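See structure below.
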Amino acid sequence: MNKEFEGKYAIVTGGAGGISFESAKILAQKGLSGVVLADLNIEQATESAKKLEEETDCSCYPCQVDVSKPEDIEHLFEFALEKMPTFHILVNGAGVCPTTPIEDLDADKWDWCMNINLRGAQLCMREAIKTMKKQKYGKIVNISSVAARIGGIASSVSYAASKGGLLSATKSYAKVLGEYNINVNAVCPSVIKTNMTANTNYSAAGIPLGRLGETEDVAEVIVFLASDASKYITGQGIDINGGSYMN
């Protein structure tokens with residue numbers, strides 16, 4: 001593979017597995033010099049970091065982070081700058097996908113989802129731009145969802161609202177940060193085969209490409225948005241759904 005990310009450093013939340021880890025893996029294969037894999041599951045993050053270091057030349061640093069806690073997010077970015085000279089890429093992938101029925105969606109359940117999926121991503125962006133603005137360079141990619149476009153059906157109202165809010169925040173950040181050469185984009189996947197969807201009854205019915213998505217289907221787009229090939233793309237939500245939703 002080419003080494004287009006050589007000399008670049010990244011922070012990936014939810015980085016222990018799924019789409020986030022797949023994104024970190026492809027970045028590392030393409031020359032990324034260092035990455036922090038931030039995740040609540042520190043055991044899995046440590047294992048994933050070890051695997052990446054064995055397979056690539058990328059230095060990998062696991063960090064335990066609960067993105068619903070602002071103090072954990074502050075520590076994450078302090079940790080990143082202790083381990084790496086800087087960072088150029090932020091992938092906001094930490095998230096939850098509750099299926100709580102509307103009738104059971106009380107204030108606590110609503111806040112739990114929002115604090116992880118939306119507030120956590122917002123606070124990560126807020127911390128990231130302190131460094132990115134100084135260096136006048138940055139790539140932020142947020143993992144939203146097709147639910148941001150069409151609302152939740154199997155997923156809860158809180159999930160759809162959090163992902164819709166994240167898509168809106170992506171556009172707002174992009175407008176403010178363009179002058180600093182910081183690109184802010186989102187991906188909006190439909191059902192992707194991950195641990196989060198492993199026990200669901202999703203099928204490929206109604207998907208023109210005839211299959212459910214794989215993690216690499218999303219990760220490849222995230223890597224593109226993190227690259228200089230996307231330097232004139234910002235404020236966008238890229239749909240990745242096999243044709244099941246066409247905007």
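A quick note: this is a predicted structure, and the numbers were derived from the prediction, not measured.
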Taking side chain as C-beta onward, heavy atoms only, is [X] less than 4.5 Å from [Y]?
| X | Y | value |
| --- | --- | --- |
| Leu177 | Lys133 | yes |
| Lys30 | Lys3 | no |
| Lys8 | Asp228 | yes |
| Pro70 | Arg119 | yes |
| Ile11 | Val91 | no |
| Leu105 | Val157 | yes |
| Cys60 | Leu52 | yes |
| Thr131 | Phe77 | no |

Residue pair [X] / [Y]: nearest heavy atoms and the distance that separates them:
| X | Y | value |
| --- | --- | --- |
| Tyr159 | Ala147 | CE2-CB, 3.9 Å |
| Val96 | Cys113 | CG2-CA, 4.3 Å |
| Leu37 | Ala24 | CD2-CB, 3.8 Å |
| Gly7 | Ser33 | N-OG, 2.8 Å |
| Met84 | Ala10 | CE-O, 3.6 Å |
| Asn92 | Cys124 | OD1-CB, 3.3 Å |

Using a cut-off of 6.0 Å, state whether more than 12 heavy atoms not belonging to [X] lie near its atom [atom1].
| X | atom1 | answer |
| --- | --- | --- |
| Lys69 | NZ | no |
| Glu47 | CD | no |
| Asp57 | CG | no |

Problem set entry | Rounded distance (nearest 0.5 Å) linking atom SG of Cys97 with atom NZ of Lys163 |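 Result: 8.5 Å between the selected atoms.
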Exercise. For the atom pair CD (Glu127) and CG (Leu81), what is the distance rounded to the nearest 0.5 Å?
Worked result: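 Interatomic distance, Glu127 CD to Leu81 CG, rounded to 0.5 Å: 10.0 Å.
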Where the side chain of [X] meets the backbone of [Y], is there a donor-acceptor pair that is under 3.5 Å apart?
| X | Y | answer |
| --- | --- | --- |
| Ser230 | Leu225 | yes |
| Gln236 | Thr234 | yes |
| Ser20 | Thr13 | yes |
| Ser227 | Phe224 | yes |
| Asn185 | Ile233 | yes |
| Asn183 | Lys231 | yes |
| Ser68 | Ile116 | no |
| Ser156 | Gly152 | no |
| Lys136 | Asn181 | no |

N-O pairing of [X] and [Y] below 4.0 Å:
| X | Y | answer |
| --- | --- | --- |
| Asp104 | Lys109 | no |
| Asp217 | Arg211 | yes |
| Lys25 | Glu22 | yes |

Problem set entry | side chain to side chain contact (heavy atoms under 4.5 Å, CB included) evaluation trace for Thr215 with Ile192 | CA-CA 6 Å; Thr215 53; Ile192 305 299; 4.3 Å; yes
Exercise. Step by step, would you call Glu220 with Ile26 a side chain to side chain contact (heavy atoms under 4.5 Å, CB included)?
Worked result: CA-CA 7 Å; Glu220 290 282 8; Ile26 297 172; 3.9 Å; yes
Same apolar cluster: [X] and [Y], side chain cutoff 4.5 Å:
| X | Y | answer |
| --- | --- | --- |
| Val221 | Leu27 | yes |
| Met114 | Leu166 | yes |
| Leu123 | Leu90 | yes |
| Ile240 | Ile150 | no |
| Leu40 | Ile42 | no |

Exercise. Under the side-chain hydrogen bond (donor to acceptor under 3.5 Å, both in side chains) criterion, do Ser162 and Asn117 qualify, and how do the steps go?
Worked result: CA-CA 6 Å; Ser162 69; Asn117 289 0; 3.1 Å; yes
Is there a donor in the side chain of [X] and an acceptor in the side chain of [Y], or the other way round, less than 3.5 Å apart?
| X | Y | result |
| --- | --- | --- |
| Thr86 | Gln135 | yes |
| Gln122 | Tyr173 | yes |
| Ser144 | Asn142 | no |

For this session: Flag the pair Tyr180 / Tyr137 as yes when their ring centroid distance falls below 6.0 Å, and as no otherwise.
Result: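 Distance test on ring centres: not under 6.0 Å, no.
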Exercise. Checking side chain to side chain contact (heavy atoms under 4.5 Å, CB included) against Asn241, which of Pro208, Pro189, Cys188, Ser190 comes through?
Worked result: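 The passing option is Ser190.
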Problem set entry | Check against side chain to side chain contact (heavy atoms under 4.5 Å, CB included), Gln64 and Asp39 | CA-CA 5 Å; Gln64 186 170 34; Asp39 205 285; over 6 Å; no
For this session: Kindly assign one of parallel, tilted or perpendicular to the pair His88 and Tyr9, based on the angle between their ring planes and the thresholds 30° and 60°.
Result: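 Ring orientation, 0 to 90° scale: parallel.
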Problem set entry | Residue pair Ile140, Met132: steps toward the side chain to side chain contact (heavy atoms under 4.5 Å, CB included) verdict | CA-CA 10 Å; Ile140 298 174; Met132 291 178 172; 3.8 Å; yes
